[in-house]
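Before any comments, here is the structure.
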Number of protein chains: 2
Amino acid sequence: MPKITFLPHIAYDSVIFGFSDGELKILIMEYHNTGLFALPGGFIQSNENLNDAVLRGLYERTGLTDIYLEQFYTFGDVSRFKPEVMQTLLEASGVDVKKMYRWMLDRFITVAYYALINYKDVTPRPDALSDSCEWYSIKKLPKLILDHKLIVEKAIQTLRVNLDRKLVGGNLLPKKFTMNELQKVYEVILGTKLRRTTFQRKMLAADVLKRHEKHYSGKAHKAPYLYSFKKR
Amino acid sequence: MPKITFLPHIAYDSVIFGFSDGELKILIMEYHNTGLFALPGGFIQSNENLNDAVLRGLYERTGLTDIYLEQFYTFGDVSRFKPEVMQTLLEASGVDVKKMYRWMLDRFITVAYYALINYKDVTPRPDALSDSCEWYSIKKLPKLILDHKLIVEKAIQTLRVNLDRKLVGGNLLPKKFTMNELQKVYEVILGTKLRRTTFQRKMLAADVLKRHEKHYSGKAHKAPYLYSFKKR
DNA sequence: TCATTATTGTCTCATTTTGTAACAATAATA
DNA sequence: TATTATTGTTACAAAATGAGACAATAATGA
């Protein structure tokens, strides 16, 4: 069995977005007994494509394979080199830093991705080094290590720009959804209220939605149609 | 004097755009006696910010310090690992590959940037490994090594998207320019003809231009105003 | 000197897109 | 069966854009 080796100095971090309770949430890991929180990230095997490494990490944490994923920035400032932080994480997990994990204390450049997933499809799983992997509202994030707060902010900025251009909002919803649910996703991401009729007209005119049967919620009013995104 | 060391496995490549003769051009390096062409790139010193490394490389090739620069993608497929190409480059330059440059034959992930500069401000300078550093029209590029063609294509795509959103077109022109010159830049980048009156109205409405004196070209017609971009 | 030519800055009107409100059509409830 | 809340669609106003017209030059040359 060949030994798995990772590329030194290069990592990735992923901002995994979900939508629930009318809020935008992301997955955050907490490390054993440290009170330190971080984005889910990982390393690239020496014979592995960068994008595949990220998909592998996403699969390990969420169990999902067919994920909307987008690379948005690579963070390479020297100021993100803080070996004492990584040392704390490793020691708290009881691994032998001196031997196997020496390379993890080096300077790292990290390639950041964001993913959009359907909240309900996921049961977050922590990895070997971490205690928990849980959803946090982007309005109430814990303090994150290194520059991870900056990474989250840039992810949200990029998502906002791409929302209309790439019409990616639907990836945060189940396959079928109502127009109102889609509008709420847009409103939360953009941070503004949108006009119902204008939104509906725009989405229908974009010719990306397929209309399905009506959805009877049990509420005392007209039932809305369900929609799904057309395959491209 | 401390020895300069570079981060292994990480490089950058830059797509340096200029505008002349009504064409969009980029700087391409040719390597000694090899007929191999590549984007200007380089490595990151172990105590240097990623962005600073790119600016340093840009300065070495162009002599410019105040450059519009944007990171747009990080390329990390295993398929870009072709040690024989780098070996050819190094050997043709007469360096001792076995000793100093062993690390250059490893797998590299490259962070790609594009820069916009005023063509006339620059006298391209080759680096130690290369023969020449010259402007090529993006319509007539030589065959490039590795995935550099893909990198150029992605740079152009990103530039198109950012053109209106960030109003960066002016960085390809001298400080002062006429509306017609600016329009030509837009047309070349977008690959389409634009309507003169609509373009003028849009640019003026955007409130990013400052109007200066008229420019008398000697031609037999009304003289256009000169404009510059407002500082942000 | 004064038409001529090419191009510019601006205006006008038509067309398209977007903002805003109105309204009829339900699905459950009382 | 009237009431309530929400939906899909239409109607009209307002704004943005497309497309052309036109007067205002800067040089040229008769």
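In what follows, chains carry the letters A, B, and so on, assigned in the order in which the sequence lines appear, proteins first and then strands, with residues in each chain numbered from 1. Atom set for the values below is all heavy atoms of this structure, side chains included, hydrogens, waters and symmetry mates excluded.
- Sequence order on DNA chain C of the closest nucleotides to Ser217(A) and Gln200(B) puts Gln200(B) first from the 5' end.
- Distance from the side chain of His221(B) is smallest for dT7(C) among the nucleotides dT7(C), dT20(C), dG9(C).
- For Asn180(B), no side-chain nitrogen or oxygen approaches OP1 or OP2 of dT7(C) to under 4.0 Å.
- Atom CD of Glu213(A) is separated from atom C1' of dA27(C) by 16 Å (rounded to the nearest Å).
- Heavy atoms of Thr178(A) sit nowhere under 4.0 angstrom from any nucleic acid atom.
- Atom CG of Asp164(B) is separated from atom C1' of dA16(D) by 14 Å (rounded to the nearest Å).
- Of the possible donor and acceptor atoms, none in the side chain of His212(B) sits under 3.5 Å from a partner among the backbone N and O of Leu226(B).
- Whole-Å rounding puts the Met203(B) CE to dT17(D) C1' distance at 16 Å.
- If you take CG of Leu204(A) and C1' of dT17(C), they are 16 Å apart, rounded to a whole angstrom.
- Rounding to the nearest 0.5 angstrom, the gap separating the CG atom in Leu172(A) from the OG atom in Ser20(A) is 11.0 Å.
- One can place OH of Tyr225(A) at 7 Å from C1' of dG8(D), the figure rounded to the nearest angstrom.
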Point to revise | Phe19(A) and Lys184(A): CA distance, side-chain angles, deciding distance, side-chain contact (heavy atoms from CB on, under 4.5 Å) verdict | key: CA-CA 10 Å; Phe19(A) 178 76; Lys184(A) 291 218 169 85; 4.1 Å; yes
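- Taking for each of Tyr227(A) and Ala220(A) the nucleotide of DNA chain D with the nearest heavy atom, the 5'-most of the two is the partner of Ala220(A).
- You won't find any donor-acceptor pair under 3.5 Å spanning the side chain of Arg211(B) and the base of dG9(C), going by distance alone.
- For dT7(D), the base has a donor-acceptor partner in the side chain of Lys222(A) [N/O atoms by modelled type, under 3.5 angstrom].
- Of all nucleotides listed (dA26(D), dA28(C), dT9(D)), dA28(C) comes nearest to the side chain of Tyr216(A).
- Of all non-hydrogen atoms in Leu209(A) and Phe177(A), the two that sit nearest each other are CD2-CZ, 4.1 Å.
- Of the two residues near DNA chain C, Leu226(B) and Arg196(A), the one whose nearest nucleotide lies more 5' is Leu226(B).
- At a threshold of 4.0 angstrom between heavy atoms, the contacts of Lys202(B) with the nucleic acid are absent.
- What separates NE2 of His215(A) from C1' of dA27(C) is a distance of 12 Å, to the nearest Å.
- Here dG9(C) is the nucleotide among dT17(D), dA21(D), dG9(C) with the atom lying nearest to any side-chain atom of Met179(B).
- At distances below 3.5 Å, not a single donor-acceptor pair connects side-chain atoms of Ser228(B) with backbone N or O atoms of Lys175(B).
- Regarding Lys193(A), its NZ atom lies at a distance of 17 Å from the P atom of dG19(C), rounded to whole Å.
- In the interface, the side chain of Arg201(B) is paired with the base of dG18(D) through a donor and an acceptor atom under 3.5 Å apart.
- Note on Lys214(A): every side-chain N or O is 4.0 Å or more away from OP1 and OP2 of dT7(D).
- Here the side chain of Gln71(B) pairs no donor or acceptor atom with the backbone of Val111(B) at under 3.5 angstrom.
- Between Arg195(A) and dG19(C) there is no side-chain N or O to OP1 or OP2 distance below 4.0 Å.
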